[in-house]
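Single-structure report; data block below.
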Amino acid sequence: METRLGDHLPLDGSPSSSAAPTLIGSVSTYDNDIEEILLSHEQIQAKVAEIGAEITRDYADRDLLLVGVLKGAFVLMADLSRHVNLPMEFDFMAVSSYGAATQTSGVVRILKDLDHEIQGRNVLLVEDIVDSGLTLSYLLKNLRTRKPASLEVCTLLQKTGVQQVPLEIRYRAFEIPPVFVVGYGLDYGERFRNLPFVGTLRPEVYRDAVS
Ligand code: IMP
C-alpha cells in the first residue's frame, strides 16, 4: 500500500504491517562471506519485541533515556525503541573497540561523549555485544559518576565464559558461544553491520584482510 503525505494512519501502524517497523530482507552482496547464521532475523525481531514489552512495563512510571553505544548498537537501538511504548529520549556515546582486529585490547577510549547531562535521569545503556565486558565495565563506571537516577544495561549478545569482570545486565537478548560474529550492527573492519541476522564469517574473509 502506498502511503502519501497527509494520509491518516492509525498510531499502531497497522495498515503498513506488511512493512514492519524494523529492518527487513537480506544483503546478498555478503552471501559469499558468511559461514553460518547463528541468529535469524526472525529470532532477533521476536526477542527484541519481547524485551521492548518488558522495558515498557519496567519504565511505565519513569522517564527513560536510551543511551546507545556507537557504532554497533545503532540497529538494536532503532528496532528496540520502536517496541517500547513510552515517551523516551536518545543519546549516544562512541567508544573505541577493536578497529579491524577481532581481539579486545582492553583499552577503552571515548570518541564521542553524551550530548546532555544524565544526573537524575533513568538511563538504559544499549550495547551490541558483551565479550570481555571491559568496555561495558568502563562505561558503567564512567556514567555512574554522573549520578543518574538509575542505570541499567540492554545488550543484544553476551558471549559465554569470556567475561573478565562481573557485570549486571538487566536485559540480554541472546547468549552466544565465544566466536566472532557480524551483522545486526556488528562489524568486521566496518563491514557487515547491515546484515539483518547475526552470523560468523568464513575464514577466508580474515585471511584476505591480512594478505
Ligand atoms: P568487550 O570490551 O571485550 O566486551 O568488547 C566490546 C566491544 O567489542 C563491542 O561493543 C564490539 O564493538 C566489539 N566486539 C566484541 N566481540 C565482537 C564480535 O564478535 N563481533 C564484532 N564486534 C565485537
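Order of appearance sets the numbers: ligands from 1, and atoms from 1 within every ligand. Only heavy atoms go into these numbers, but all of them, side chains included; no hydrogens, no water, no symmetry mates.
Around atom 7 (C) of ligand 1, the closest heavy atom drawn from Thr155, Thr135, Val162, Val108 belongs to Thr135. The heavy atom nearest to atom 17 (C) of ligand 1, out of those in Lys71, Lys159, Gln164, is found in Lys159. Atom 4 (O) of ligand 1 has its nearest heavy-atom neighbour, among Ala73, Pro178, Gly133, Ser96, in Gly133.
Ligand 1 places these atoms under 4.0 Å from at least one heavy atom of Asp187: 21 (C).
Under 4.0 Å from ligand 1, the heavy atoms of Leu186 that appear belong solely to its side chain. Neither the backbone nor the side chain of Val182 comes within contact range of ligand 1; no heavy atom lies under 4.0 Å. When non-hydrogen atoms are compared, ligand 1 lies under 4.0 Å from the backbone of Val179 (N, CA, C, O) but not from its side chain.
Ring pair Phe180/Tyr188 is perpendicular by interplanar angle, where above 60° counts as perpendicular and below 30° as parallel.
The shortest N or O to N or O distance between Val181 and ligand 1 is under 3.5 Å.
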Q | Trace of the side-chain contact (heavy atoms from CB on, under 4.5 Å) decision for Arg172 with Val130 | A | CA-CA 10 Å; Arg172 180 192 54 214; Val130 179; over 6 Å; no
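Atom NZ of Lys112 is surrounded by more than 12 heavy atoms from other residues, nucleotides or ligands within 6.0 Å.
Residue pairs that meet the salt bridge (Lys or Arg N to Asp or Glu O under 4.0 Å) test with at least one member in residues 63-77, sequence neighbours left out, are Asp63-Arg121, Lys71-Glu190.
Electrostatic pairing of Arg57 and Glu54 does not count as a salt bridge here, judged by no charged N lying under 4.0 Å from a carboxylate O.
Between the side chain of Ser40 and the main chain of Gln43, a donor-acceptor pair closer than 3.5 Å is present.
Not close to ligand 1: Leu136, with no non-hydrogen atom less than 4.0 angstrom away.
The shortest distance between side-chain heavy atoms of Leu114 and Leu143 falls below 4.5 Å.
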